[in-house]
There are 2 protein chains.
Amino acid sequence: MQELDATDRRILGALDEDPRLPIMVLAQRLGLARGTVQSRLERMSTSGALRPNSSRVLPAALGRGVAASVSAELDQSHLNEAIAALREIPEVLECHAPAGDTDLLIRVVASSPDDLYRVSEEIRLCPGIVRTSTSMFLREVIPYRTTGLLGG
Amino acid sequence: MQELDATDRRILGALDEDPRLPIMVLAQRLGLARGTVQSRLERMSTSGALRPNSSRVLPAALGRGVAASVSAELDQSHLNEAIAALREIPEVLECHAPAGDTDLLIRVVASSPDDLYRVSEEIRLCPGIVRTSTSMFLREVIPYRTTGLLGG
DNA sequence: ATAAAGTTGGTCAGTCTGATCAAGCTAGCG
DNA sequence: CGCTAGCTTGATCAGACTGACCAACTTTAT
């Protein structure tokens, strides 16, 4: 993966909101040559610095208005199996291994509190997962964003 | 905000990887009329069902290879001030209010463990924030994704 | 049954894309 | 100091795409 420089970030900034902006418009808006913008866009999308487009979709728009965080403790000899099983659950959006007492921190969504119960049960049933603790999000205080990082 | 139907999801699925795919290609790949794809894309981007494009950028590509979760306890009479202050910190990617003992769960990134220390200190200094506990992510086990939800 | 909303397929002028090239700039290196 | 490698620029071309229309048809909800 590649580190994005100031020009890349300016391009991304200008593409915010509308990723289908014509390259020529971008170029003149940023004071760059068309070829420059074109090659940089090309590079960014092949270098793996961007998530798939669908990561832009708000889960709420897909009928999953309930979000939560599940922390899981696991039998570490089955770590890889557990991860593979989690990957199969579509409601699992993200999973991190934090330093500290919990082994995995899992971000999930669901269509309702009741559905959240189902999802967390599915997680509990993954091989290698010993115990889970689910904490539902009452409110999304700051929605996910990267915008501030583009500037610096 | 609008709930996305099966057609919307198919369009989004086809746009994964390359959001600049020509509309005509999309249309014939999905067996839809060009006008349909065009109007749906239009609707999706104006209805607020999508995050800004820059949310696709991996923080690591912006030099923030370290991720962490900060849980904060706060003086609830200053809730709004605290949130406003957090919003000013670019390294704060996301913030949720969970049910339970912690008041806010904050997703942050930083350029190094040392920088993470700085960021969590900045959070601790926000008005209304009483106590924080930072837990660094050793590993991103499952990177953020929504793909699985598009299908169902 | 009927109205509203969404879909389809067609057309149009104007614009954009991707590819390619030669030339200019800049930084790093011997 | 002069060279190379890697970007950037500006230009050109044929071909494809866009956004805006429209009339007709289908679906959905009332």
Side-chain angles (χ1 to χ4, degrees), chain A residues 1-54 56-65 111-112 146 149-152, chain B residues 1-54 56-58 60-65 111 146 149-152:
Chain A
M1 200 208 51
Q2 166 222 191
E3 180 94 2
L4 305 180
D5 69 11
T7 305
D8 291 319
R9 297 174 192 208
R10 286 212 303 144
I11 295 176
L12 289 172
L15 277 182
D16 244 5
E17 302 305 322
D18 183 9
R20 301 184 67 89
L21 215 58
I23 295 188
M24 262 178 72
V25 176
L26 266 181
Q28 60 192 55
R29 188 174 295 181
L30 298 175
L32 297 171
R34 193 179 71 109
T36 306
V37 177
Q38 193 165 324
S39 60
R40 289 195 174 247
L41 275 179
E42 171 79 22
R43 185 154 41 109
M44 285 193 263
S45 44
T46 59
S47 76
L50 301 178
R51 283 189 244 274
N53 185 250
S54 62
R56 290 180 59 206
V57 187
L58 297 176
L62 299 174
R64 318 297 160 115
S111 59
S112 66
T146 320
L149 294 178
L150 285 181
Chain B
M1 199 208 52
Q2 167 222 191
E3 180 94 0
L4 306 179
D5 70 9
T7 306
D8 291 319
R9 297 174 193 210
R10 287 210 304 143
I11 295 177
L12 288 172
L15 276 182
D16 244 7
E17 301 305 322
D18 183 8
R20 302 184 67 90
L21 214 58
I23 296 188
M24 262 177 73
V25 176
L26 266 182
Q28 60 191 54
R29 189 173 295 181
L30 299 175
L32 297 170
R34 195 181 72 110
T36 306
V37 177
Q38 193 165 323
S39 62
R40 293 202 172 238
L41 275 179
E42 171 80 22
R43 185 155 40 109
M44 285 194 261
S45 45
T46 60
S47 76
L50 301 177
R51 282 189 244 275
N53 186 250
S54 61
R56 290 181 59 206
V57 187
L58 297 175
L62 299 174
R64 316 297 158 115
S111 59
T146 320
L149 293 179
L150 285 182

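This structure is a prediction, so every number in the text was calculated from the model and none was measured. Every chain is numbered from 1, with letters handed out A, B, ... down the list of sequences. Basis for what follows: all heavy atoms, side chains included, without hydrogens, waters or symmetry-related copies.
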Quick one: on DNA chain D, does A:R40 or B:G35 contact a more 5' nucleotide (nearest heavy atom)?
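Its nearest nucleotide lies further toward 5', so the answer is A:R40.
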
May I ask you to test the A:V37-A:T7 pair for a side-chain heavy-atom distance under 4.5 Å?
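No, too far: nothing below the 4.5 Å cut-off.
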
Is the shortest side-chain heavy-atom distance between B:L41 and B:L15 below 4.5 Å?
yes

[X] [atom1] to [N] [atom2]: how many Å, rounded?
X     : N      : atom1 : atom2 : result
B:D8  : C:dG6  : CG    : P     : 11 Å
B:I23 : C:dT7  : CD1   : C1'   : 15 Å
B:Q2  : C:dA5  : CD    : P     : 15 Å
B:E42 : D:dC21 : CD    : P     : 12 Å
B:L32 : C:dG6  : CG    : C1'   : 12 Å
A:Q38 : D:dT9  : CD    : P     : 13 Å
A:D5  : C:dA27 : CG    : P     : 14 Å
B:Q28 : C:dG9  : CD    : C1'   : 14 Å

Over all strands shown, is A:R20 touching base, sugar-phosphate only, or nothing at heavy-atom distances under 4.0 angstrom?
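Here A:R20 touches the backbone only, sparing every base.
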
Indicate whether OP1 or OP2 belonging to D:dT8 is found under 4.0 Å from a side-chain N or O atom of A:R34.
no

Closest non-hydrogen atom pair between B:E17 and B:R56, with its separation
O-NH2, 3.9 Å

Measuring from the side chain of B:V25 (C-beta onward, heavy atoms only), which nucleotide among C:dT7, D:dT8, D:dC17 has the closest atom?
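Within the option list, the nearest is D:dC17.
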
Test: B:D5 and B:R40 ion pair at under 4.0 Å:
yes

